[in-house]
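In what follows, a structure is listed as structure tokens, so that the remarks can point back to it.
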There are 2 protein chains.
Amino acid sequence: MTAAMEGSAPRRTRIQQEKRELILEAALEVFSTNGFRGSTIDQIAEAAGMSKPNLLYYFRRKEDIHETLMQRLLDTWLAPLRELDDIGDPLTELRSYIRRKLEMARDFPRESRLFANEILQGAPRIKPMLEGELKTLVDEKAAVIKGWMRAGKIARTDPWHLIFSIWATTQHYADFDVQVRAVLGADRGGDGRFEDAARFLEQLFLDGLKPKG
Amino acid sequence: MTAAMEGSAPRRTRIQQEKRELILEAALEVFSTNGFRGSTIDQIAEAAGMSKPNLLYYFRRKEDIHETLMQRLLDTWLAPLRELDDIGDPLTELRSYIRRKLEMARDFPRESRLFANEILQGAPRIKPMLEGELKTLVDEKAAVIKGWMRAGKIARTDPWHLIFSIWATTQHYADFDVQVRAVLGADRGGDGRFEDAARFLEQLFLDGLKPKG
DNA sequence: CTAACGTTTGTCCAACCGGTCAAAAATTTG
DNA sequence: CAAATTTTTGACCGGTTGGACAAACGTTAG
């Protein structure tokens with residue numbers, strides 16, 4: 001392996017790129033179900049179809065895999081919030097944000113669980129990013145929402161807690177999937193549960209629970 | 001130690017009861033922050049102020065501690081839902097359920113995280129209970145809520161997903177506490193965040209986001 | 001007092017785990 | 001082809017972890 005220049009991405013062969021992808025995919029599976037400390041390099045190596053020393057040739061330390069995974073994750077994970085924009089109708093904008101977040105919980109549950117695992121244990125590896133990048137982004141979007149409130153387009157509430165509640169309700173369907181399935185039972189716990197959730201959440205966020213009248 | 005009779009609770013000395021409590025308290029602290037596999041018996045023993053072999057005298061296996069903790073947890077954890085009753089005014093009843101759940105997230109965050117950890121990893125040790133006891137309880141309360149809807153006391157929605165959304169939004173403040181604090185920042189992330197959350201959730205669940213008009 | 005029982009500890013072990021290393025195998029390059 | 005380079009593997013290592021065990025210590029009842 002040729003030495004990489006400081007600060008630039010290391011040059012990699014075709015095989016290195018492919019194998020690294022293979023490892024990251026396997027690691028996502030393993031980390032998201034067992035947590036960082038609960039996962040072993042052997043498990044990841046086996047899931048990736050290679051030997052442990054071979055894996056360690058591509059990632060020198062277990063932490064490096066986790067770190068790489070985390071960095072990639074965060075971009076895609078925050079994309080829906082980044083898209084929340086001031087251009088459209090506020091209620092429509094919020095509704096589609098909720099829908100996108102719910103789709104991510106449906107399509108990328110492992111990513112959601114990986115993230116949840118990290119936060120649950122105190123976010124030891126990404127706390128700086130939460131206080132920096134994430135806070136900045138949320139503050140920015142909270143300002144947008146506040147504008148909507150001042151313009152009378154949506155009801156006045158706390159924009160930060162509004163964002164929290166959207167995160168919580170949507171990610172719940174990925175992170176607590178086992179519980180959701182168990183409670184809904186065999187008949188209602190199937191593929192339709194996400195559409196039911198979408199309908200429910202839309203109604204909740206728009207109208208709340210008070211009866212019409 | 002005298003042998004316990006089959007099926008009945010083992011007879012225990014005063015010291016055994018006290019030490020077992022001490023261990024469970026320490027284990028709750030350790031398990032909830034490191035997860036099951038991420039926690040060592042040594043850590044728990046040290047937190048409980050005793051040696052590892054001594055701890056193993058009271059609980060023969062690490063799993064036994066976790067299991068005992070889990071069993072106790074579930075009773076207190078589901079208590080608020082059990083209290084949800086048909087007697088009062090529906091909206092008031094739901095509002096106080098949300099408030100109670102939020103208070104539990106504030107006062108028992110470790111219990112919440114322990115539970116979240118277990119579910120996140122596929123609930124390997126409590127799945128039967130989810131499909132049995134928990135499902136029964138939720139189905140029962142969903143029926144109560146459905147009654148309220150039929151009577152026109154609250155808006156018609158899916159009672160199961162309503163319960164999920166209450167769980168998600170309230171437990172979020174315990175499970176994702178680090179993130180909540182990070183995003184709110186030093187000034188708003190203090191003790192007042194639970195009151196802000198309570199106000200926000202009340203408004204969300206009652207009125208939703210549509211502006212009054 | 002003393003025998004029986006309950007509690008605590010030091011020592012030890014086998015399994016596991018993250019990571020190293022040198023050498024073999026495969027691939028690329030000239 | 002042959003040399004250089006990259007990839008793969010088996011063997012190994014030191015540290016940790018869950019748990020066993022017997023001996024020491026403390027307590028209590030007769």
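Convention: sequence-line order gives letters A, B, ...; per-chain numbering from 1.
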Is the phosphate of [N], meaning OP1 or OP2, less than 4.0 Å from a side-chain N or O of [X]?
X: A:Asn54; N: D:dT7; result: no
X: B:Ser51; N: C:dT9; result: yes
X: B:Lys19; N: C:dT8; result: yes

Over how many whole Å does the gap from [X] atom [atom1] to [N] atom [atom2] extend?
X: B:Gln16; N: C:dG6; atom1: CD; atom2: P; value: 8 Å
X: A:Glu46; N: C:dC17; atom1: CD; atom2: P; value: 12 Å
X: A:Leu55; N: D:dT7; atom1: CG; atom2: P; value: 14 Å
X: B:Arg20; N: C:dT8; atom1: CZ; atom2: P; value: 14 Å
X: B:Tyr57; N: C:dC5; atom1: OH; atom2: P; value: 13 Å
X: A:Lys62; N: D:dT16; atom1: NZ; atom2: P; value: 15 Å
X: B:Arg61; N: D:dT17; atom1: CZ; atom2: C1'; value: 16 Å
X: B:Lys52; N: C:dG10; atom1: NZ; atom2: P; value: 12 Å

Once you apply a heavy-atom cut-off of 4.0 Å, does B:Tyr58 come out as touching a base, just sugar-phosphate, or nothing?
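Answer is sugar-phosphate: B:Tyr58 comes under 4.0 Å of backbone atoms only.
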
Can you tell me how far CZ of B:Phe176 sits from CZ of A:Phe164, rounded to the nearest 0.5 angstrom?
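A:Phe164 CZ to B:Phe176 CZ: 11.5 Å, rounded to 0.5 Å.
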
Which distance, rounded to the nearest 0.5 Å, do you find between the CG of A:Leu206 and the CD1 of A:Ile98?
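CD1 of A:Ile98 is found 7.0 Å from CG of A:Leu206.
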
With a distance cut-off below 6.0 Å to the six-membered ring centre and an angular limit of 45° from the axis, does A:Lys101 pair with A:Trp77 as a cation-pi contact?
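So A:Lys101 does make the cation-pi contact.
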
Is it true that the NZ or CZ of B:Arg125 lies under 6.0 Å from the centre of B:Phe36's six-membered ring and within 45 degrees of the ring axis?
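Positive - B:Arg125 is close enough to the ring of B:Phe36 and near enough to its axis.
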
Between A:Phe59 and A:His66, ring centroids under 6.0 Å:
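Between A:Phe59 and A:His66, the centre distance exceeds or equals 6.0 Å.
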
Is the side chain of B:Arg113 donor-acceptor paired with the backbone N or O of B:Ala174 at a distance under 3.5 Å, no angle test?
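Side chain of B:Arg113 to backbone of B:Ala174: a pair is present.
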
Sub-4.0 Å heavy-atom contacts from residues 34-42 of chain A onto DNA chain D, ordered by number
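Nucleic-acid contacts, sorted: A:Arg37.
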
Given B:Leu130 and B:Lys135, is the side chain to side chain contact (heavy atoms under 4.5 Å, CB included) satisfied, shown in steps?
CA-CA 6 Å; B:Leu130 298 182; B:Lys135 176 171 167 42; over 6 Å; no

